[in-house]
There are 2 protein chains.
Amino acid sequence: MSSITPAKIKPSLRDVADAAGVSRSAASLVLNDGDIRISDEKRKLIMDAARELGYRPHVGARRLSLQKTDTIGLVIPQDLSRLSQLYLFELTRHITEAAKYRNYDILLDFLHPAKPESPAADPTRVDGAVLISTRTAEDPSFNLIQENLPCVFIGGAFLDRPPENYVDFDIKTGTSEATRHLIGLGHTDIAFMAGIASPVKYSGYADAMKEAHLTPQKPRVTGPGDPDKETSRALEAVFNEHPNTSAIVAANDTLAIRLVKALTKKGMLIPNDVSVVGFDDIETSSLIMPSLTTVRIPMKELAVLTVNHLIDLIREKRTEPLHEILPTELILRDSTRSPRN
Amino acid sequence: MSSITPAKIKPSLRDVADAAGVSRSAASLVLNDGDIRISDEKRKLIMDAARELGYRPHVGARRLSLQKTDTIGLVIPQDLSRLSQLYLFELTRHITEAAKYRNYDILLDFLHPAKPESPAADPTRVDGAVLISTRTAEDPSFNLIQENLPCVFIGGAFLDRPPENYVDFDIKTGTSEATRHLIGLGHTDIAFMAGIASPVKYSGYADAMKEAHLTPQKPRVTGPGDPDKETSRALEAVFNEHPNTSAIVAANDTLAIRLVKALTKKGMLIPNDVSVVGFDDIETSSLIMPSLTTVRIPMKELAVLTVNHLIDLIREKRTEPLHEILPTELILRDSTRSPRN
DNA sequence: ATGAAAGCGCTAACAC
DNA sequence: GTGTTAGCGCTTTCAT
């Protein structure tokens, strides 16, 4: 009866060993990378038995024994108010692929701001975590940090108290470049607008202005409330104070798109009457009319760098904190041109 | 020396039991839901010890012992050609939340079409899987199906050989409704256009036309290649054959947006000269000018239904296949109106 | 080169 | 009620 192999039940390593007439350790050695030590005949015996039984290793058991999970937590803030969703999905995809390439699984979680805990940041489920920063001081992801849990942030570099490990992109220089592009086109009255206060981007804008001996306008913030209405309101304010404004730097693409809409409603043509630049290069930006001049984020590099560093941290290959700021890229499209005058 | 609690090393259940002077099983019973059976004094003893040691249960060990993973795989096709990314991200978020609500983790993976296997569909890592269908006959997700792995598809209902368990939304009726809306507005020459052949949506369109005693045009497919060029080309074809076309039903929002752009370039005004309806209600659709009349997918219901059914499957609460088709909702916005004359 | 045996941290049957 | 014990499936000393 021992020769009858039960096809239904999932075979364990022990079953393979028994079938091959060897010990469990031998089977383990062979089925893993531990090639050496076992004679070729036994090895073949084991391989054959494994194949015949349809043996598949039990990842959970292996992990318990090895005291590691081979999985990385990915924590995305639930409150995406300022983060473009598309940006996040792209990022998610790249992170997942980067992790997979290194043989790590991804445990995904969306962080509810109210209760700052996450399975994706539980040291018994993951070896480490990637935390997407909200870029705000009260970033709930900070509460997930704990001893025993290596983690690296994406974003957060420009906070007053930045996280220990982060990868970010250079929002300041990016905004400066966008502004300089406008200045190069001949614009002199350039406004800056953001969904919520964005001091770093604003300083990028302001620096570029000063550098060209132009006076920066004060930052406009649309704030909460109905986005379209808020955008119109902010726009009103801009033109009240600076009637000759011929270009606007928006802190993100969604806002830029709303601006285009609001300006058009006011009877202004883009880019003929007003130029607009965005930030993020979300998919929509190339789709709309006019297509949007904007600043592209190096998404894939961001992801790869983050994952690789996290794994180094996990494996204790390095311990120095990671402070990486990647350059952005200005994408020229149809929403900007020289001013009329 | 036994009174010195090593603060550094992570305490296990055994440590707690020892510290409390009880057996491991007692500790286990108390720390889980198994409330009964243990006297209040012992219970308190154990709780105190656990708290003091900072005991956190080891999820992996628990899972091995219980022979389950409490995690659900989420497999997203890498080839997103026809699936809106935003749609997918929304879906991902809702699925993750639904799973979390039921105390399941999400193991995320993007499926490379070339090699049809996925950690998120490995029975030793997940208890079951949610598979996003590409809605094509060669859907690589089908290769992930295996005994021992409960899984439910999202989409795929309208394939010739649909999956055993699926939740989908009614693309046919949705398209019909969109078409009827156009007809109700007074349009008689209505075109249908898709990115790749979409027989079901087309039949929804055609049925609505016939029902109103109008003759459906043949379907237009933009196909691969530069999307904007392809869209213009398809549009050319439409107007060549049907010069009086005053409305277009697009199979998805992205295409609809491209249509708006292409039409505008041809000097036509939307919706004055031509009405356009989309499908999906991606975020962009409300953002652009004119905002897009489209068909909304019940994303959250889709996710909740899928996850709940999957869990029922996992727990063997039910075994009958799930064939659920949810209704869509027509969203009226600014890209449609009565024809001119 | 090979196998016996202990152990990863937890749960659950079974005695007491 | 409570504790002992035997696993879950795998890895890994440590003898042989």
Side-chain angles (χ1 to χ4, degrees), chain A residues 6 9-47 49-50 53-71 103 105 122-127 148, chain B residues 6 9-47 49-50 53-71 103 105 122-127 148:
Chain A
I9 204 67
K10 240 198 75 187
S12 72
L13 197 51
R14 146 187 238 127
D15 298 324
V16 177
D18 288 357
V22 302
S23 76
R24 301 223 254 314
S25 31
S28 175
L29 257 346
V30 170
L31 271 331
N32 303 349
D33 30 293
D35 276 26
I36 41 269
R37 246 190 73 170
I38 304 291
S39 67
D40 282 4
E41 21 182 357
K42 277 220 152 54
R43 139 166 295 100
K44 187 170 183 319
L45 235 45
I46 294 170
M47 296 299 255
L53 294 182
Y55 170 73
R56 318 240 91 239
H58 189 296
V59 177
R62 172 166 228 273
R63 287 172 174 172
L64 177 59
S65 181
L66 257 27
Q67 291 288 78
K68 58 178 191 163
T69 65
D70 285 337
T71 112
N103 282 113
D105 290 345
D122 170 4
T124 72
R125 306 187 213 219
V126 302
D127 292 336
N148 301 328
Chain B
I9 205 65
K10 242 197 74 190
S12 71
L13 197 51
R14 143 185 241 128
D15 298 324
V16 178
D18 289 356
V22 302
S23 76
R24 300 222 254 316
S25 38
S28 174
L29 257 348
V30 170
L31 271 331
N32 303 348
D33 31 292
D35 275 25
I36 40 269
R37 248 190 70 170
I38 305 291
S39 67
D40 282 3
E41 19 182 358
K42 279 219 148 60
R43 138 167 294 99
K44 188 170 182 317
L45 235 45
I46 294 170
M47 295 300 254
L53 293 183
Y55 170 74
R56 318 240 91 239
H58 189 297
V59 178
R62 171 166 229 272
R63 287 172 174 173
L64 177 59
S65 181
L66 256 26
Q67 292 286 80
K68 58 180 189 160
T69 65
D70 285 337
T71 112
N103 281 113
D105 290 345
D122 169 6
T124 73
R125 306 187 213 219
V126 302
D127 292 337
N148 301 328

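Per chain, numbering begins at 1; letters A, B, ... match sequence-line order. When reading the values below, keep in mind they use all heavy atoms of this one structure, side chains included, and skip hydrogens, waters and symmetry mates. Remember, predicted model here, so these are calculated numbers, not experimental data.
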Give the minimum heavy-atom separation between L31(B) and A50(B), together with the two atoms involved.
-> CD1-CB, 4.3 Å

R63(B) side, atom CZ; H58(B) side, atom NE2 - distance, nearest 0.5 Å = 10.0 Å

Whole-Å distance between dG9(D) P and K68(A) NZ?
-> 20 Å

Starting from the first five and the last five pairs of the helix from dA1(C)-dT16(D) to dC16(C)-dG1(D), work out the angle between the resulting helix axes, to 10 degrees.
-> 50°

Roughly how many Å is it from CG in L45(B) to C1' in dG1(D), rounded to a whole number?
-> 15 Å

Does the T71(B) side chain pair with the main chain of V126(B), one donor and one acceptor, at a distance under 3.5 Å?
-> no

Does the side chain of D70(B) reach to within under 4.5 Å of the side chain of D127(B), using non-hydrogen atoms?
-> yes

Residue pair Y55(B) / L13(B): nearest heavy atoms and the distance that separates them | CE1-N, 3.4 Å

Once you round it to whole Å, what is the distance between C1' of dT2(C) and CD1 of I46(A)?
-> 10 Å

Are the side chain of T124(A) and the backbone N or O of V59(B) linked by a donor-acceptor pair below 3.5 Å?
-> yes

Does any non-hydrogen side-chain atom of D122(B) lie less than 4.5 Å from one of R56(A)?
-> no

side-chain contact (heavy atoms from CB on, under 4.5 Å) against S12(B), all qualifying residues, sequence neighbours excluded | R14(B), D15(B)

What protein N or O atoms touch nucleotides 9-12 of chain C N or O atoms at under 3.5 angstrom, if any, and at what distances?
unit_1  : atom_1 : unit_2 : atom_2 : d
dG9(C)  : OP1    : Q67(A) : NE2    : 3.0
dG9(C)  : N2     : A61(B) : O      : 3.4
dC10(C) : OP1    : Y55(B) : OH     : 2.5
dC10(C) : OP1    : H58(B) : N      : 2.9
dC10(C) : OP2    : L13(B) : N      : 2.3
dC10(C) : O2     : S65(B) : OG     : 3.4
dT11(C) : OP1    : N32(B) : OD1    : 3.4
dT11(C) : OP1    : N32(B) : ND2    : 3.0
dT11(C) : OP1    : R62(B) : NE     : 2.6
dT11(C) : OP1    : R62(B) : NH2    : 3.4
dT11(C) : OP2    : S28(B) : OG     : 2.8
dT11(C) : OP2    : N32(B) : ND2    : 3.4
dT11(C) : O4'    : S65(B) : OG     : 2.7

Atom-pair distance (CG on D18(A); P on dT2(C)), nearest Å | 17 Å

